[in-house]
There are 2 protein chains.
Amino acid sequence: MASTLDNKARFDRIVARLPVQNLSNTDAIEASLAKTDKTPICLWVTSPTGKPHLGYFVPLLKLADFLEAGVEVRIILLDTYSFLDNVDYPMDQVAHRAKFYQCGMTAALQCLGIDSTGVKFVLESSYQTPEFTKDLWRLCTKVQAQTIRDSWDRAVHPEMVSPLMCPLLQLLSEEYNDADFQFGGEDQASIFALIEKFGPELGHRPRGHLMNPMLPNLTGKKMSATHADKTKIMLLETPENIIAKMEGAAWQTESSKNAFLMTLRDVLIPLSELHARPTAKVLPDWVNPSVDASAPAGTVFTATTDDGLLHFSDFADIGRALSDGRIEPDMLKKSVASAVAKLFTPMQGLFDANPEWQAASAGGYPTV
Amino acid sequence: MASTLDNKARFDRIVARLPVQNLSNTDAIEASLAKTDKTPICLWVTSPTGKPHLGYFVPLLKLADFLEAGVEVRIILLDTYSFLDNVDYPMDQVAHRAKFYQCGMTAALQCLGIDSTGVKFVLESSYQTPEFTKDLWRLCTKVQAQTIRDSWDRAVHPEMVSPLMCPLLQLLSEEYNDADFQFGGEDQASIFALIEKFGPELGHRPRGHLMNPMLPNLTGKKMSATHADKTKIMLLETPENIIAKMEGAAWQTESSKNAFLMTLRDVLIPLSELHARPTAKVLPDWVNPSVDASAPAGTVFTATTDDGLLHFSDFADIGRALSDGRIEPDMLKKSVASAVAKLFTPMQGLFDANPEWQAASAGGYPTV
């Protein structure tokens, strides 16, 4: 996992495209890069609840930057956390869902063309040693119940004891994976703040925290596994269905709530940029779904208009094209929908070729 | 630990002297007695906080009944529970306190003349296996935080997360010790109710629950390790100090708040009765502190009055003697104080002969 970049370039790669207000404790990241005796470790945690969706492609794409910077990426499958949070599903069903997530994330990385050799999947319950439990007890004596509720209100059953444990487990995940930084969505802000406050109280070293912007769903809200199916693109959606869903979605005027613009900004364009880099580890034979084969060098997105193909070299250029009428929102919607459908095309084949994934699907999401 | 009694007599021995409203799920106890392939197991849990006192002699004395009924008695030293409850003491200090409690309880049993061969001390943290932790998570998904607070409000820092864990840990102690019943003070009533509700929800078999009356302190309130020193008799108190403290205490008119009468009813007289039984396992050379050597057979307490010794054959007789003026409260106070001082006399010698206990005292209760 050694990087060909120098430490300054490695750091820049790690924080690339992340808004500066989404970074904290970056000193800890720089310190980890300076160490010669340990590969830096980044955690990205995911709670196996509903089936994953397009929103996951934003952070997964970012993992490529960490890999390129010579970081060991650990995807933590939060089985215990998920069980404690959702309350309603038995642990064996959660275990199936964790496996579904592992297979789904691996397939999504393949669709993105990312060589995921440096990515490790770790089941949360696997590092809950007696020492971990002792640290959990210590933590429980330091944190007020209300402090946890204030920093994390996503629990399905907040009146239960179990959701109070979730942020604490996430805090300890950093120490028990010897992580140097943790990466997560912007919805992790208050949990990261909690970790930064109470981790040092347990004597843990400070960790960096990085947050990616969250992709809005097709109605302009946060994309979530628990929201209605038509609001988001699911992993195993057919290309036809993706196109129908996306073309049928309304065009939100506020760009941060516009699923098409944000998919361009946070998935399709960074993906084009990633694969244009000489240092990128791209899978062989991978084809960029966003750029037409005829496009000139430097193109990050190709749109189809009534007047033929339109090639863009960056996100700002798309905004200008919308403003000056070179492209209509409807045309852009179609082009984005087409690119996303192409991106997802290999997915079903990967599922069909993977009996473990199929079994996890049946066990984790039984049809009733 | 086989008993010479039949199962009916064993059961009667187990519930002897306990008010009927202090018994629940006794079917589970009877079922355990009927089994030929397993010795019934009783838990008595104790949380190593402040130093133990005379109040502990009430349940410890009752353990003799369980032993006589062929029950394996496990004294659970709640190290984790105590750490989570008190919040303020580090775990290594709690570990010393647990050892202090173990030594203290062993010495108290010796003072009571009880052969404690069948008593096992078990450190709570020793059975917190990964399976235990998984069950704890399951339990956390079933219990509301408020339900725990409603059933247990003794935490020093109720705003913390940690005290919420205590009743849950106590619940699981029964399953992970394969207990058939748990014995505790009347202050355990709502915790026992919580256990009886949620244990079966985890698929655990029902356990019996028995409660002993709590000894009032010298001012008529509940005797507690956290209350002022002068309100109670501590394990390592000198006989002179015991006599001075007790003789200086006020005579409470309400008998349930009268430390002298309740000590007679719940410690001194049951102790006399225990040792009068042919089936009792009394330590060799043990001398009953409550009965004068000159007393006739059947005497359970001897008081010294201005007119000489007065021998009583049961508790009710003492009440009548007070009513009809055969004995003055002050005389009875002196006689009870004298008996308690005699009961405690061997304690300091046991401490002086036990370097482990001395080390636990220094480590668990450092003088600042």
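Any value given below was found using the heavy atoms of this structure, including those in side chains, with hydrogens, waters and symmetry copies removed. Because the structure is a prediction, the values reported are computed rather than measured. Per chain, numbering begins at 1; letters A, B, ... match sequence-line order.
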request  = Tell me whether the centres of the aromatic rings in B/Phe100 and B/Tyr365 are closer together than 6.0 Å.
outcome  =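 Aromatic pair counts; centres sit under 6.0 Å.
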
query = Of the listed residues (A/Gln144, A/Arg138, A/Gln146, A/Met91), which shares the most heavy-atom pairs with chain B below a 4.5 Å separation?
reply =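 When all of A/Gln144, A/Arg138, A/Gln146, A/Met91 are compared, A/Gln144 has the most.
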
request  = Decide whether B/Glu124 and B/Gln170 meet the rule of one side-chain donor and one side-chain acceptor closer than 3.5 Å.
outcome  = no

query = Do you see a donor-acceptor pair shorter than 3.5 Å between the side chains of B/Asn86 and B/Thr49?
reply =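 Result is no, nothing qualifies.
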
Using heavy-atom distances under 4.5 Å, tell me whether [X] contacts chain B through its side chain, its backbone, both, or neither.
X        : value
A/Lys134 : neither
A/Gln128 : side chain
A/Leu164 : side chain
A/Leu136 : side chain

task = Could you tell me how the ring of B/His209 sits relative to the ring of B/Phe192: parallel (under 30°), tilted (30 to 60°) or perpendicular (over 60°)?
result =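 Taking B/Phe192 first and then B/His209, their aromatic rings lie parallel (interplane angle under 30°).
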
ask   = Looking at B/Thr80, B/Thr133, B/Leu168, which makes the most heavy-atom pairs under 4.5 Å with chain A?
value =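 If we count pairs closer than 4.5 Å to chain A, B/Thr80 comes out on top.
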
key: Best-contacting candidate, B/Val161, B/Leu139, B/Thr147, against chain A by heavy atom pairs under 4.5 angstrom   =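 Option with the top pair count is B/Val161.
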
Lys/Arg N to Asp/Glu carboxylate O, B/Glu175 vs B/Arg207, below 4.0 Å = yes

request  = Inspect the surroundings of CZ in A/Phe121 and state if more than 12 heavy atoms from other residues, nucleotides or ligands are less than 6.0 Å away.
outcome  = yes

